Every structure is written in C-alpha cells, then in structure tokens.
Amino acid sequence: MRKISVDKLEAGMVLAKPLLRGTMVILGEGTALTETWISRIEDMETDSVFIEGAAEQAIPQEEALAQLDRRFQHVLDQPHMMALKKIVKEHIEGLYGG
Amino acid sequence: MADNLELQRMRAKVEAINALPTVPSNLRKISVMLEKPRLTMDEIARFVANDPALTTKVLRMVNSAAYGFPGRISSVSHAIMLLGLNVIRGLLIGISVFDLMQKNMAGLWEHSCACAVAARCIAQQKKMKEPEEVSICGLLHDIGKAIVMLQFPSEYEQALREAKEKDISLFEAEKKYLAATHADVGLWLAQKWRFPANLVEAIGYHHRPQLATQAPLETAIVHISDSFVRAKGVGFAGDPFVSTIHPATWQMLQLSDDEIRDILTQIDESTSAAGEET
C-alpha cells in the first residue's frame, strides 16, 4: 500500500485502510474510489489516504536491494547497523508491493 | 596531519567568504545580513520582501511537506511568527547555497532535504518543542561541503576522487587534503552567521555526536538522520556509504522499529512530493 495526497486521487484507486472521521468509518477498506467519493474526501479536509498498490519505482527491485548491500558494506560487523539494514530492506520491499 | 596554524589559516579564509569574488551575490548578501549582532525580525522580513524571487522560494519551502504546514503560510512575516527567526535564517542560508550544491555536488541538496525531513520526524517522535529548528539542523548539516567546494575546489576534487577510488567515506578522505573537515567549516560558518548553539553543534558534530555538550539531542538526531538518509540511498553526499551510527547515539534515541519505519516512509513521501514540485 502507499500513502498519497488527496489531490492525486483517481477513480479506480482502492482504499488500503478505512477512511475515518473520529472513530466512525466513512469508507471501508477495499472501497474502490469513484469521482463522487473523491469529492467527499476532498470536502473532509483530509490531507492523504492509503491506497492499494505500489508506486512505480525507477529501478528494479533486485537492483535496489543490490545497491542497499553496497551502501552497507562498511558496517557489516555492527549489529545495530545490521538491524537498521533489515528494516530498510523491508521498507524497500514494501515499495515494490512486497 | 594539519597543524594549528594551517587550521587557523583555513578558518580565516572560510570566515572571509564575503570577500570571495566567486561567492554568489545572494549568498553574500544573506551572509552580511546574518552577521549583524542585533538583527530584527523586521529587517529579515523586509530583506526577503524586497526580493520577490527569494520570497517565492522561502514560501515554497515552508509550505512543502518537509515543514508540516502545507499550503497554509502565505507571507514571510507569517512564516517568521510560526517558525521562528532561527528557522528563517536557516532557510535563507539553505536557499542561497542550493545553486552551489546543485552545481558542485549533484545529489547533495536532495540528501540535505531528506535529512531535514528525517530530523523533523525524529524531533516530533521525541516530543521536542521546536521540531522545525531541528529540521533546519538537518537541512544545513552539510553546508560546509558547499563552501569548501567554493573556496578549496582542487583540494575537494582530490578528496572526492580519493573517496571514490578507495571506497572510503568523504569525511575520511577530506582529512588528507584539508586542515579541517566539512563539519568544522560548517561550525565556523554557523557561528559567523550567529546561529544558536544547538544549530552550531548539530552542524559541527554531526559526525562525532559524542562531542556535543550544549545540544546533544539535536546533534544525535542529525547524526542518525544522516545515516538513515544514506541507508535509504536518497541523494548523494560525496560517498554512497552508510556511516556507522555512534552506539551511544543509538542508545540515546531508542527509536523503535516502527518509528524507524515511519521515518523512512516520510523521507519517501517528501522525495516523491519534491520530485513533483521541481
């Protein structure tokens, strides 16, 4: 899933998380947005929503992960840096829909 | 190893930046203004208002995703009220070195902006009172690189080349060719421009956060933000490597996995937003 700003919403996008007003669910998870829903969301003064699907990435995932390995090559012996690397790796995989 | 005389000479040269013929005029004007001992809010507001291009740039920055007031700040006076004089000083310097950065180290601006976002995010997580000031520390932490490239271009060229050829960090390579590092140069300039102690330390000690005495938290935040931005591979700061996070800093900040994920996501969102704005 990815977070996008309300002004970039397009009909057909699917909500990855429910849209809430306080604790009330206005639109449920999995709702496919129509132009009408998008105007309602704009009226609500929400800044952004979570929608399904990964953003297009400039390079393939394998290349992104190979670059990640290269960047971390000088800190392989440090546990806290490897813990960080793991989190970054998962973050990168998430960008590709993983 | 540089001796004290070499260090003093380098410092004197850096501090004489206003006299350098190659310094961009907008940077010189801002540098001269910020050196004044009792600069008022009105003076800064008037300075910016007299330059429509600068006004536009300042407003664009304060309204960007990096500052959390998207689209709501309509004037420089409003910005000064909301964000404070130190943030505006910092933005003015940031804006005036933008061209230098773009020209001399492609990717340095993107690295700096991402650090600004990460620093602000962490400052908020730690419930600090002025997250925007910490953000400015992030934005300007590598400003020394821009000025060194301006004043000592051939030495820096060599340092960059050495870093690339030997697969080492620029911070390491610098020490071979210059009497002081970009962090030292940044510190000298921050003092010259009368930035508050927290900004001076965060810039000066971002590679050695254990040396900060007056602003250990802000310095720690910039130190770790620098690493996070490198970890994510955003921009380019002279070498592609993730620098070790000082273990004491890691312990001090105690960021949870979720907090780190949040920081990475915010960096991501700001870079994609910035891509759309340019």
Side-chain angles (χ1 to χ4, degrees), chain A residues 1-10 13 16-17 41-42 44-98, chain B residues 63-65 68-72 111 118 163 166-172 224-237 239-273 275-277:
Chain A
M1 75 171 100
R2 65 189 200 272
K3 188 173 173 187
I4 66 169
S5 64
V6 165
D7 58 347
K8 303 262 176 330
L9 288 176
E10 290 169 16
M13 288 180 171
K17 284 193 187 180
I41 295 171
E42 283 166 354
M44 279 173 71
E45 296 182 5
T46 306
D47 286 329
S48 57
V49 292
F50 284 92
I51 61 157
E52 290 292 357
E56 258 182 55
Q57 297 296 315
I59 54 174
Q61 182 168 342
E62 303 75 47
E63 178 57 32
L65 293 177
Q67 286 181 8
L68 178 69
D69 284 340
R70 280 198 289 275
R71 294 199 287 273
F72 273 85
Q73 63 178 273
H74 291 321
V75 295
L76 296 172
D77 57 338
Q78 292 157 51
H80 66 297
M81 298 307 293
M82 288 296 99
L84 173 64
K85 184 183 177 188
K86 181 161 177 286
I87 298 173
V88 179
K89 181 162 189 254
E90 288 164 4
H91 166 86
I92 291 176
E93 287 166 347
L95 295 174
Y96 289 87
Chain B
N63 282 309
S64 73
F69 304 106
R72 292 173 209 159
H111 168 87
K166 298 223 170 110
D167 262 0
I168 58 175
S169 74
L170 181 57
F171 187 61
E172 283 308 306
I224 217 175
S225 296
D226 186 25
S227 256
F228 284 172
V229 170
R230 285 165 173 272
K232 227 188 109 48
V234 176
F236 179 70
D239 67 75
F241 303 114
V242 177
S243 39
T244 300
I245 295 169
H246 196 276
T249 300
W250 186 255
Q251 287 288 42
M252 185 203 287
L253 291 177
Q254 300 264 21
L255 295 172
S256 69
D257 287 5
D258 273 341
E259 284 173 326
I260 296 175
R261 287 186 195 112
D262 201 35
I263 296 163
L264 295 173
T265 303
Q266 291 217 28
I267 293 173
D268 216 44
E269 285 169 10
S270 73
T271 45
S272 54
E276 282 153 23
E277 277 163 24

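We name chains A, B, ... by the order of the sequence lines, and we start the count at 1 in each one. The structure presented is a predicted model; accordingly, all values stated were derived computationally and were not measured.
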Step-by-step side-chain contact (heavy atoms from CB on, under 4.5 Å) determination, B:V242 to A:K85: CA-CA 10 Å; B:V242 177; A:K85 184 183 177 188; over 6 Å; no
Side-chain (A:H91) to main-chain (B:I260) donor-acceptor, under 3.5 angstrom: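 Absent.
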Check: A:H80 side chain, B:I245 main-chain N or O, donor-acceptor pair, under 3.5 Å: yes
Contacts with chain B made by residues 62-71 of chain A (heavy-atom distance under 4.5 Å), listed by residue number: A:L68, A:R70, A:R71
Pairs satisfying salt bridge (Lys or Arg N to Asp or Glu O under 4.0 Å), at least one member in residues 239-248 of chain B, at least two apart: B:R230-B:D239
Toward chain B, the part of A:V88 with a non-hydrogen atom under 4.5 Å: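 Its backbone and side chain both get close to chain B.
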Contacting moiety of B:S243, where chain A heavy atoms sit under 4.5 Å: backbone
Closest-packed option against chain A by number of heavy-atom pairs under 4.5 Å, given B:T265, B:I168, B:L264: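 Among the listed options, the one with the most contacts to chain A is B:L264.
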Separation between CD1 of B:I263 and CD1 of A:I87, rounded to the nearest 0.5 Å: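 Answer for the CD1-CD1 pair, B:I263 versus A:I87, is 9.5 Å.
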Separation between CG of A:D77 and OG1 of B:T244, rounded to the nearest 0.5 Å: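 Result: 7.5 Å between the selected atoms.
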Residue, of A:H74, A:K86, A:Q78, that accumulates the most heavy atom pairs under 4.5 Å with chain B: A:H74
Taking every non-hydrogen atom, the tightest pair across B:K232 and A:L95: NZ-CD1, 3.9 Å
